[in-house]
There are 2 protein chains.
Amino acid sequence: MTDTRPPRADAVRNRAALLAAAADEFAERGMDASVADIARRAGVGKGTVFRHFATKDDLIAAIVLDRIDELTTAGEGLLDAEDPGAALLEFLTVAAHQRQQRDLSFLHGAGDVDPAVARARERMYRTVHELVDRARRHGAVRADVTGTDVILLMCAPNYVASYAPGAPPELWRRYLGILFDGLRPQGAHPLPEPPPPAL
Amino acid sequence: MTDTRPPRADAVRNRAALLAAAADEFAERGMDASVADIARRAGVGKGTVFRHFATKDDLIAAIVLDRIDELTTAGEGLLDAEDPGAALLEFLTVAAHQRQQRDLSFLHGAGDVDPAVARARERMYRTVHELVDRARRHGAVRADVTGTDVILLMCAPNYVASYAPGAPPELWRRYLGILFDGLRPQGAHPLPEPPPPAL
DNA sequence: ACCTGAACACCGTTCAAGT
DNA sequence: ACCTGAACACCGTTCAAGT
């Protein structure tokens with residue numbers, strides 16, 4: 001019997017304020033914005049941050065959870081598209097676009113993430129696998145590329161574009177284009193290494 | 001007249017010990033190994049680190065400088081290869097392989113790097129441009145891809161492979177293969193975004 | 001000249017004291 | 001039950017004091 005009392009009113013308010021403040025602060029200052037600044041922006045004491053989120057990483061995880069779910073929803077909506085190749089490209093475009101903002105290695109995070117994020121991530125992975133399978137069956141993706149490959153490659157366009165100094169904000173689209181051409185069956189060369197263990 | 005006295009014997013010894021200790025420590029613990037640990041490993045006081053390298057980033061820069069020069073040398077040796085396409089692929093393989101070890105976003109670093117690194121980097125960039133131009137003229141690289149594109153894409157295979165949990169250590173070769181297929185003229189689709197300003 | 005370790009400012013995190 | 005700010009451990013960096 002986990003009789004969970006409803007939380008106090010100021011607690012829910014503070015939690016929401018912290019999430020909003022953290023999202024803003026991270027977007028402006030990057031992932032190493034200080035907890036103190038986030039607390040100040042949310043109008044609470046530093047200690048309150050750690051009452052709601054055991055660690056700074058947990059706070060990041062809470063924000064990340066929303067983004068992953070958004071992405072999964074977008075992917076699921078593309079599962080019954082008429083053109084499976086275009087659907088996969090569209091999904092990768094949404095993925096790159098939403099995380100254009102920041103660092104975001106969160107999609108595949110190492111080690112001990114909290115179970116909610118792990119679950120959300122696995123749902124998203126399953127969606128990617130389906131999208132890739134459909135695209136492959138349709139001849140839009142080469143036979144030797146797996147869903148896991150695409151999951152790993154997903155973040156590359158943003159990563160690559162982020163290192164161009166005075167680059168246009170949509171540069172990632174160019175590298176997504178090159179990547180996608182690499183995923184196509186036309187002109188594909190055999191790959192020197194087997195795919196990694198499935199995600 | 002910058003009459004530069006030769007440095008004291010213990011100074012050169014300490015500097016070399018620090019570089020070696022830092023390289024080891026970074027390789028083992030990652031880029032956020034502590035300066036205190038590096039100093040201890042080198043057998044000097046913490047303060048000595050900052051006498052030789054104004055900042056931790058400068059210490060990293062000194063290590064990075066060597067790697068960049070190695071890469072440039074490899075690239076220059078490939079400029080007169082018979083097969084320019086294979087030469088470019090080989091260069092990208094060397095690049096990925098040498099920086100298999102670690103983080104290494106250093107190749108294109110933001111803002112205020114020290115001038116020695118900036119110079120080394122520009123030499124390397126020029127080499128990449130030549131390799132790409134030759135490969136393109138030879139029909140091994142698509143017409144709409146620039147040297148700057150390849151400079152930016154260079155790090156992607158390592159980055160992508162680094163997020164696969166139980167992956168084989170040579171997984172980057174697989175993603176270099178996919179990337180390289182994306183760079184080939186066969187089956188290339190028009191890119192939605194123009195190339196970034198030249199590096 | 002160069003080395004050293006104590007001292008500083010800044011982080012994430014903890015916790016006793018308040019309401 | 002929740003909030004708060006002082007306190008702690010750990011960083012990179014500085015600098016007065018030593019040789």
Side-chain angles (χ1 to χ4, degrees), chain A residues 1-23 25-26 28-64 103 106 109-114, chain B residues 1-23 25-26 28-64 103 106 109-114:
Chain A
M1 294 292 106
T2 53
D3 72 319
T4 335
R5 297 265 156 165
R8 237 165 58 180
D10 54 349
V12 294
R13 199 173 345 113
N14 282 339
R15 195 190 149 90
L18 277 170
L19 283 172
E25 204 74 13
F26 286 143
E28 288 175 17
R29 300 245 208 287
M31 280 314 184
D32 51 350
S34 84
V35 171
D37 285 347
I38 293 172
R40 199 174 310 125
R41 187 162 187 153
V44 301
K46 262 199 309 183
T48 305
V49 179
F50 292 97
R51 167 151 269 269
H52 288 279
F53 309 97
T55 180
K56 185 187 179 181
D57 283 338
D58 284 356
L59 172 56
I60 295 177
I63 295 177
V64 149
D103 190 347
F106 61 78
D112 27 76
V113 277
D114 78 40
Chain B
M1 294 289 108
T2 53
D3 72 320
T4 336
R5 299 262 157 167
R8 237 164 57 181
D10 55 348
V12 295
R13 199 173 345 112
N14 283 339
R15 193 190 150 91
L18 276 170
L19 283 172
E25 204 75 14
F26 286 143
E28 289 176 16
R29 300 246 209 286
M31 280 314 183
D32 50 351
S34 83
V35 171
D37 284 348
I38 293 171
R40 198 173 311 125
R41 188 163 187 151
V44 302
K46 262 198 310 183
T48 306
V49 179
F50 293 97
R51 167 151 269 270
H52 287 280
F53 308 97
T55 181
K56 185 187 179 181
D57 283 338
D58 283 357
L59 172 56
I60 296 178
I63 294 177
V64 149
D103 192 346
F106 61 76
D112 28 76
V113 276
D114 78 39

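Proteins come first, then strands; the chains are lettered A, B, ... in the order of their sequence lines, and each starts at number 1.
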Go through it in stages, so that I can follow the logic: the residues are R41(A) and E28(A), the test is salt bridge (Lys or Arg N to Asp or Glu O under 4.0 Å), and I'd like the CA-CA distance, side-chain angles, deciding distance and then a yes or no. CA-CA 13 Å; R41(A) 187 162 187 153; E28(A) 288 175 17; 3.0 Å; yes
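- When distances are taken from the side chain of T55(A) to each of dT13(C), dT13(D), dC3(C), the shortest belongs to dT13(C).
- Base pairing of dC10(D) is not made with any nucleotide, judged by Watson-Crick or G-U wobble geometry with both donor-acceptor distances under 3.5 Å.
- The side chain of V35(B) lies closest to dG12(D), out of dT14(C), dG12(D), dC3(D).
- You'll find the side chain of F53(A) reaches within 4.5 Å of the side chain of L18(A), heavy atoms only.
- The side chain of F50(B) sits closest to dG12(D) out of dG12(C), dC2(C), dG12(D).
- At the heavy-atom level, A39(B) lies nowhere under 4.0 Å from the strands shown.
- Nucleic acid contact class of D32(B) (heavy atoms, under 4.0 Å, all strands): none.
- Look at CZ on R8(A): it is 6 Å from P on dC3(D), rounded to the nearest Å.
- In this entry the distance linking CZ of R40(A) with P of dG5(D) reads 11 Å, nearest Å.
- By the 4.5 Å heavy-atom criterion applied to side chains, L59(B) and L19(B) are counted as neighbours.
- Residue T48(B) is in base contact, counting any heavy-atom pair closer than 4.0 Å across all strands shown.
- When the C1' atom of dC3(D) is taken as reference, atom CG of L18(A) falls 12 Å away, rounded to whole Å.
- Across the protein-nucleic acid pair, L59(A) atom CG and dT13(C) atom C1' stand 14 Å apart, rounded to whole Å.
- The interatomic distance linking E25(A) (CD) with dG12(C) (P) rounds to 11 Å, in whole Å.
- In the set dG12(D), dC2(C), dC3(C), the nucleotide with an atom closest to the side chain of K56(B) is dG12(D).
- At a threshold of 4.0 angstrom between heavy atoms, the contacts of V44(A) are confined to the sugar-phosphate backbone, with no base atom among them.
- For R15(A) and dC3(D), the CZ to C1' distance is 16 Å, given to the nearest whole Å.
- The CE-C1' distance, from M31(B) to dC11(D), rounds to 18 Å in whole Å.
- Nearest nucleotide to the K46(B) side chain, out of dC2(D), dG12(D), dC2(C): dG12(D).
- Here R40(A) pairs with D37(A) in a salt bridge; the nearest charged N to carboxylate O distance falls below 4.0 Å.
- Atom pair R13(A):CZ and dA1(D):C1' shows a separation of 14 Å (rounding to whole Å applied).
- In this entry dG5(C) has dC15(D) as its Watson-Crick or G-U wobble partner, both defining distances falling under 3.5 Å.
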